[in-house]
Amino acid sequence: MIVLDHVKYKYPGGKKYALNDINIDIKPGEFVFIVGSSGSGKTSLIKLLLKEMEPTSGHLKVAGVDYNKLKRKNIPKLRRRIGVVFQNFRLLKDRTVYENVAFAQRVVETPSRFIRRQVPAMLTLVGLADKYKSYPKQLSGGEQQRVALARALVNKPELLLADEPTGNLDPKNSWEIMRLLEDINRKGTTVVVVTHNKEIVNMMQKRVITLKKGEIISDEQKGGYIDED
Amino acid sequence: MIVLDHVKYKYPGGKKYALNDINIDIKPGEFVFIVGSSGSGKTSLIKLLLKEMEPTSGHLKVAGVDYNKLKRKNIPKLRRRIGVVFQNFRLLKDRTVYENVAFAQRVVETPSRFIRRQVPAMLTLVGLADKYKSYPKQLSGGEQQRVALARALVNKPELLLADEPTGNLDPKNSWEIMRLLEDINRKGTTVVVVTHNKEIVNMMQKRVITLKKGEIISDEQKGGYIDED
Amino acid sequence: MRISSFLYSIRQGLKNIRRNLLFSLASIGTIVSCLFLFGIFYCIIVNFKSAMTDLKNTVTISVFFDEGISDENINLIGEQIRLRSEVNTMDFISADEAWEDYAKKRYKDNYDAAMASFAGDNPLKNSASYEITMNDLSNQAEFVNYLSSLDGVRKVSTSEVTADGIQALSSVVGYASIGIIAILLFVSIFLISNTITIGITVRKEEIAIMKLIGATNFFVRAPFIVEGVVIGLVGSLIPLGLVWLVYDRVVSYVVGRFNVISNNFAFVSIGEMFKVLIPISAAIGIGLGLIGSILTTRKHLKV
Amino acid sequence: MRISSFLYSIRQGLKNIRRNLLFSLASIGTIVSCLFLFGIFYCIIVNFKSAMTDLKNTVTISVFFDEGISDENINLIGEQIRLRSEVNTMDFISADEAWEDYAKKRYKDNYDAAMASFAGDNPLKNSASYEITMNDLSNQAEFVNYLSSLDGVRKVSTSEVTADGIQALSSVVGYASIGIIAILLFVSIFLISNTITIGITVRKEEIAIMKLIGATNFFVRAPFIVEGVVIGLVGSLIPLGLVWLVYDRVVSYVVGRFNVISNNFAFVSIGEMFKVLIPISAAIGIGLGLIGSILTTRKHLKV
Ligand SMILES: Nc1ncnc2c1ncn2[C@@H]1O[C@H](COP(=O)(O)OP(=O)(O)OP(=O)(O)O)[C@@H](O)[C@H]1O
Ligand SMILES: Nc1ncnc2c1ncn2[C@@H]1O[C@H](COP(=O)(O)OP(=O)(O)OP(=O)(O)O)[C@@H](O)[C@H]1O
Ligand SMILES: [Mg+2]
Ligand SMILES: [Mg+2]
């Protein structure tokens, strides 16, 4: 599902590589945690996978698509197969919760009657059924985060990229979200979760890729959270 | 330092009280965690303490100032005695890291020679010495969070309000920040930390106030994180 | 594209106008202001030009004939002159008409008595003439030379100074009009695209989010285009209405108040003016709304 | 306020202009456009008014005296007339001057000979007159009546139709000027404050953050004010320069090209015009920059 081959990335104007010689191979249906200290390059990795930016060098292949050969006009098609939760949510701030989630479906041209059924169902799943009319700024941090998750999941994507999806959630909500992700993973979606939550990583016994200063320092099946020093 | 007396708050247009009959008394020099599930009213409480909004009813007294009697023109004076870390950081996006932190000092009219010394020192403390020239959008989530913290601490405030200051930080960084807060608390600053980090709350053995649906369900000295059901 | 997506784009475009009300009003305000100014000046200029043309037509050249010339020859001369491209209008004033005109002016109240006393004996019997107005007064001197050179023409009379003055004034006004219209158009286009650029820049993040979720350029852009066109449409209808109102009021005020003007000069009808103003306003308003939204979104679509 | 805070505000204001370059350029562009239009029309209108005044001054009233009147009486009549408020200028043309003028026109090349042949015997000896121009042509009829009623006045000659026409035209242009200037000022103020409002609304969050950190209203506002004033200053200097250039070019072009105009009409000097344009431009540009930034920040300062 995801193949990174000697991928490097340096931000324009940056001195060091944000990602340095990354090699990852994630098979369809896997559930992978990406961990690493603040500034180690996790979000940068997600941005590359979403083709929000181009690698400085190296090859990327996601869902069978070779990014070096991908034409600009085919990017939307690729992105529709991926669900993303951004670290800073990135909700459309002038649309209601309902419209934010529905937007993902409109993009893939889901017929309206399905939208009207699936969006409320998805909102119920993340515990926001009664907030559908609110605007993002009328929500608490954790509520916004769950809207972002609902938007990422509503299309039942092949691949889910979640950048810190529980950073603003209490342990109980975090666990519920994790169970939701496991559930989706069981139904076939490949799940990549960036997180700082040691407890969750240690408990869930999934594959864990650890980054440090832009390099992979560990990649283990059924791994745990590696405390530095 | 903080006295809340039967405080209620309802958002305009909201159906339920976001905060319902809150009574809290925090003495100068205390270190208090505020916990509670997503949407329980923690951020709303911080907003009231910062006088970002007015309680619907009830009395508030912070740092000896009665909010019901506080004149609009004296609000800045009050806020300068408080350091805040916002849940969504709220950095000035068109200023560098250095300028963001320095801004808090310019507001209290710190002479330039002090600013030039204290800002880099503060940035070193939160581990961002080499990022001082970056703009917020060039930082990782955790880095932005640490800038917000540096800005809140640089004036050595009487009271520190930190809303989820480690939500985007890895465990190691989170602990370093917590130790920093303990340190500052020892030097006299009253510290109020909103957090979802169960491990930290349980380990630090401080006073813990637990909110649920806008009400205080527990307020314990040397408390722990209360898992719901 | 599904029909539902199409409808969605239209609905979103309309919603966006309300959501970004401040920006929408600012854009509409800018378009209204610019087109209103443009309309007002267009009216002023068109009327000025029309006044110039009226004036030019009062500058006539009179061609008088040799004494005792036959009617046939007069006709021949007339046909020759009529072929010239300089001629705008040409009227034959017979000797009798000339006398009548003169007598009317000269004797006023005693007109009938005067006519009777001269009965049958026209004192101006050699004063038959062609009264010619020219298309372009700048060739007057040359044309007068030509007319004088014709066989059977005794005298060509004209008022050279007046013609020169009007010609000069008309040129200046002509250039000034083009200058002013150009400046106004330029300023309008600048200001309107300015507003659109700011408005869309503010929504850069919104566009980026949509693209990252997988929206095609078209899908992101369509509501902006709808929004731009609607704003442009509203923004070009209002000033048309305003110009109509103002023009109507001003014309009836001036006509009522200053009969010197209304006697000598006919205002161009509002309908005539709107034949030009409507398409130009629509082109600027809707066109800029359309092109502006396409161009400025394009810049942000590269995500 | 410390001096360092003061300097900080100024530095921040200047930095903000660069940081929000798009908005700054848009604001400057708007101000430049509006003031440029305003300046151009002001020039046109002032020149038109001046042309009108020139024209009015060519409409003179000549007052002739009874035959054999004494110089003393002529002086008395002159003093009486001079007291009237309608009088703009008044010149005494003696019989000799009148004859000289006439002879010059009539005999042109043979002037000297003609003068010699009539030597000592002025054929126009009863043609001494006062040549009067009026402040306000609308009272001409009344004034002429008054003049005719004076003792010792034989005849008052004037061209009533011309005066009427000029008076009407002048009124129309006067009202139109006021109307256009008012519309332009209104549109300018609207457009400029529009841009400022949008620009500051975009920075609403920035203002809120500053306030929550404990900045006073003054501290938040000062850089915005500096920014507004600098943008206003730049925005009002550029159009002044442009108007200067354009006016200079146009005047020299017109003067060179159309001598009918340059012979009959003197353009108002650019210096004269700028006495009014500079303060108005500065007031609009800097004033709006200042007031606009104060008013629009105020709305967002309530945090
Ligand atoms: N737009 C940018 N321009 C320049 N440098 C950047 C930019 N974005 C991120 N960086 C730098 O690249 C490095 C990696 O950033 P990234 O956001 O990938 O970290 P992260 O692992 O997601 O951290 P966190 O856990 O704090 O979110 C950081 O040092 C950061 O400062
Ligand atoms: N501006 C607003 N308008 C209306 N309702 C709001 C607004 N802000 C917050 N709320 C609602 O008030 C309740 C409390 O919100 P608050 O932000 O205080 O929660 P919180 O405890 O900080 O949650 P989290 O841990 O998710 O940040 C939530 O249900 C939220 O939806
Ligand atoms: Mg990150
Ligand atoms: Mg919160």
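First the proteins, then the strands, lettered A, B, ... as listed; each starts at 1.
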So with a 6.0 Å cut-off around [atom1] of [X], is the heavy-atom count from everything else above 12?
X      : atom1 : value
A:Y132 : OH    : no
B:M203 : CE    : no
B:K10  : NZ    : yes

#### Entry: Residue part contacting chain B, namely of A:K133, when any heavy atom lies under 4.5 Å
neither
## Note on the structure
On a heavy-atom basis, the closest approach of A:H196 and B:N168 is NE2-O, 3.2 Å
### Message
Taking 4.5 Å as the heavy-atom cut-off, does anything in residues 88-99 of chain B contact chain A, and if so which residues?
### Response
none
### Query
Rounded to the nearest 0.5 Å, how far apart are CG of B:N197 and CD of A:E199?
9.0 Å
### Task
Would you give the length of the straight line joining atom CD of A:E143 to atom OG1 of B:T43, rounded to the nearest 0.5 angstrom?
9.5 Å
### Residue among A:R146, A:Q138, A:Q145, A:Q144 with most heavy-atom pairs under 4.5 Å to chain B
A:R146
### Query
Any sub-3.5 Å donor-acceptor pair from A:D170's side-chain atoms to B:S38's backbone N or O?
yes
### Query
Is chain A contacted by the side chain of B:E164, its backbone, both, or neither, given a heavy-atom distance below 4.5 Å?
side chain
### Residue selection (most heavy-atom pairs with chain A, distance under 4.5 Å) from B:G167, B:G141, B:P171
B:P171
